Asks: 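Take this structure first; my questions come after.
Because the structure is predicted, anything quoted here is derived from the model rather than measured. Note on naming: letters A, B, ... go to the chains in the order of the sequence lines (proteins, then strands), and numbering restarts at 1 for each one.
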2 protein chains.
Amino acid sequence: MDVRQLEYFMHVANTLNITHAAMRAHVSQPALSRQIRLLEQELGTKLFKRKARGVVLTETGQRLVDRTRVLLSNVGRIKSEIMSSADEPVGTVRLAASNSLSGLLTSRVVARFRRTYPQVSVHVTENTSMIVRESIANDGADVALLSDRESFTTLTKMPLVTESLLLIAPLEVGLDLSRPVSAKSLTGHNLILTPFPNGLRRAVDEILVRAGRVAEPKLEVDTNSLMTSLTKYGTGYCVLPYSGVHELLVRKEVSAAPIRNVRWGWVTAVSRERAMSTATKKLIEMIAEEAKVLTSNGTWKTATLDLAQDSGKHIGLD
Amino acid sequence: MDVRQLEYFMHVANTLNITHAAMRAHVSQPALSRQIRLLEQELGTKLFKRKARGVVLTETGQRLVDRTRVLLSNVGRIKSEIMSSADEPVGTVRLAASNSLSGLLTSRVVARFRRTYPQVSVHVTENTSMIVRESIANDGADVALLSDRESFTTLTKMPLVTESLLLIAPLEVGLDLSRPVSAKSLTGHNLILTPFPNGLRRAVDEILVRAGRVAEPKLEVDTNSLMTSLTKYGTGYCVLPYSGVHELLVRKEVSAAPIRNVRWGWVTAVSRERAMSTATKKLIEMIAEEAKVLTSNGTWKTATLDLAQDSGKHIGLD
DNA sequence: GCTCGTTACGATACTCGTAACAATA
DNA sequence: TATTGTTACGAGTATCGTAACGAGC
């Protein structure tokens, strides 16, 4: 009855289907089947009843599920607690990052982290801030990079950077980063917006409300790349933070102007319930350092650093 | 970080000496050394400082000890809980039995259990009732067979058999099981007694006190076999329950007579804190059944059954 | 016939033990 | 020099994956 075997067992208990559980556990189906049988033999009792379609838990199996869930969470807690006092980063660190930061911040941070700590494996998932928040809240990630407009119960957030929201238009419209536009400018164009629920959409709606209007987009799209492509080809205007269109602006594929009196904040977030591993701490440090570099050398236009001074080195649980 | 590895770690943490820990863990010293190193690598931190003589825990190592002790006890508890609802006995059952029962009850029970459940490994330790009690109280055994004169905090005791205490004398003295003797008969002979603290010794002392005497044995011996050998060769008389001298009486190597108004009880005991495995339950059933056979067919002379009827089948946690 | 679990078997990977080595008092 | 931990390497064992099989809707 070792930890791996219990993890296998929980996969089966969760899916009630050995084939699916095997995929989740990244082992072959017969291997998993065998481990379940060995566990049953060791404990001297059937844990599952084999049915034509999948399996069902026996009463004893259900009791083992209840006990094992707690046990495995303890194992994970102990592991991360001990790893949090590690001297050198080891193991795996999982970063969930907002799509918008991909080209500007995420890629630079991940590349440098991999270079600096090649022994640490890194899992990156990119998605909307809402999904990123869910990911970190459900312990699907160790660090999150997301908008400060998301809610942060159970999360510890660390302000990172505040930048402008830009109105993005085709290149020929000739918007200019140095010439901010008013909230009113958002009206009168076809706006391509993200669908609810979404922090960016809420922000745009607020801007419009302040201008006395209401958003009624004819086109809703939930990926940045599609939104900007459509803008580039003249389907409409869109609204994104600078970081989301940095590369397009460098390549002069669209034009953009800051929306006056509207700021957009990014935060780094970690789960409040879990001790950070050394790898996690190092990653957070590196995020802060890269943000500092990008803002101070002018790459991250419109952005101001929100960090505590000296690049967040005393962010931590100590 | 699997269970086996953590058990290794605890052995080292307990002994602070990898060589000794390896012996306790029944692996070679380099194997243990290697597992500790692997654990340290996985956690990214030193758990021990290597000294010229042995090792010492680092601060992190000490914290892991604290966490792991609880974790491993949970693992054991879960395992025995699940195994307690097993259909067929599996695994290992540990019996701690009083020396006195060896020839009459223990040997028969163990032999039959092995025959009936060959897949279950059995560990038997025989000792004085006091050591047996300590053994079961410290979770060194699953079932104990011992005198009812021991204390039973944290233990659940199940009365088994009550028999007579016998005065044992050399064969030529001609004591007779059918002719009880009074407590007073114990005086005036060289008594060979067990040393304090010991249930049998306490019993003999009480008998003597009732007869207005006090025990001042010139010879104290702590094994039944030596006691009876010495009696056989005329060094003195001794006092034992019938079960302790059954075989000697059958072989007519000593003579014995019940001491009037004195009874000696045997109980089966299990830890109150730990769920019984199916193997444990079956063993207890079998003990009860054998006790019933031995008393009812007259083999266990002077004995009366203390069991609830039908051989203890409803002894259990249900 | 399709889905899903089990059995069979060769390949792989991990752990172990022996022996040689290193470090320290 | 005795004690104790580490390194090296060959052997043994357990797990895994692929392929074939079986059972139930």
Asks: Which residue, Val27(A) or His20(B), contacts DNA chain D at a nucleotide closer to its 5' end, judged by nearest heavy atom?
Replies: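 Nearer the 5' end of the strand: His20(B).
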Asks: Starting at the 5' end of DNA chain D, which residue's closest nucleotide do you reach first, His26(A) or Arg53(A)?
Replies: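 Comparing both residues, the 5'-ward one is His26(A).
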Asks: Ignoring hydrogens and angles, tell me if any N or O in the side chain of Arg114(B) forms a donor-acceptor pair with the backbone of Val120(B) under 3.5 Å.
Replies: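 Answer holds: yes.
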Asks: Taking atom C1' of dG5(C) as reference, at what distance in whole Å does atom NZ of Lys49(A) sit?
Replies: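 One finds 17 Å between C1' of dG5(C) and NZ of Lys49(A), rounded.
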Asks: Run the side-chain contact (heavy atoms from CB on, under 4.5 Å) check on Arg67(B) and Arg63(B) step by step: do they pass?
Replies: CA-CA 6 Å; Arg67(B) 302 291 177 276; Arg63(B) 188 156 59 244; 3.8 Å; yes
Asks: Taking only the side-chain nitrogens and oxygens of Thr19(B), find out if one of them lies under 4.0 Å from OP1 or OP2 of dT3(D).
Replies: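 Thr19(B) to dT3(D) OP1/OP2: no side-chain N or O under 4.0 Å.
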Asks: Would you check if the side chain of Ser229(A) reaches a backbone N or O of Ser225(A) as a donor-acceptor pair within less than 3.5 Å?
Replies: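 Judged by distance alone, yes, a pair lies under 3.5 Å.
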Asks: Taking the side chain of Ala52(B) as heavy atoms from C-beta outward, which of dA25(C), dT6(D), dC16(C) is closest to it?
Replies: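 Out of dA25(C), dT6(D), dC16(C), the nucleotide with an atom closest to Ala52(B)'s side chain is dA25(C).
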Asks: To the nearest 0.5 angstrom, please state how far the CE atom of Met286(B) sits from the CG atom of Leu95(B).
Replies: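 So the CE of Met286(B) and the CG of Leu95(B) are separated by 12.0 Å.
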Asks: Does dC16(D) have OP1 or OP2 sitting under 4.0 Å from an N or O in the side chain of Tyr8(A)?
Replies: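 So the side chain of Tyr8(A) is within the cut-off, an N or O lying under 4.0 Å from OP1 or OP2 of dC16(D).
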Asks: Quick one: is dA23(D) close enough that its OP1 or OP2 comes under 4.0 Å of any side-chain N or O from Arg50(A)?
Replies: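 It does not, given that no N or O in the side chain of Arg50(A) lies less than 4.0 Å from OP1 or OP2 of dA23(D).
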Asks: Would you please confirm or rule out a distance under 4.0 Å between OP1 or OP2 of dT15(D) and any side-chain N or O of Arg37(A)?
Replies: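 It does not, given that no N or O in the side chain of Arg37(A) lies less than 4.0 Å from OP1 or OP2 of dT15(D).
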Asks: Assuming nearest nucleotide by heavy-atom distance, tell me which of Arg34(B) and Pro30(B) is located more 5' along DNA chain C.
Replies: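 Per heavy-atom nearest nucleotide, the more 5' residue is Arg34(B).
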Asks: Does a side-chain N or O from Arg4(B) land closer than 4.0 Å to OP1 or OP2 of dC16(C), or not?
Replies: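 Result: yes.
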Asks: Is the distance from OP1 or OP2 of dG5(D) to the nearest side-chain N or O of Asn17(B) less than 4.0 Å?
Replies: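 Checking dG5(D) against Asn17(B), a side-chain N or O does come within under 4.0 Å of OP1 or OP2.
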Asks: Is Gln35(B) near enough to dC16(C) that one of its side-chain N or O atoms lies under 4.0 angstrom from OP1 or OP2?
Replies: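 Yes, Gln35(B) has a side-chain N/O under 4.0 Å of OP1/OP2 on dC16(C).
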Asks: Looking at dT6(D), I'd like to know if its phosphate oxygens (OP1 or OP2) sit under 4.0 Å from a side-chain N or O belonging to Ser33(B).
Replies: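 Checking Ser33(B) against dT6(D): at least one side-chain N or O falls below 4.0 Å of OP1 or OP2.
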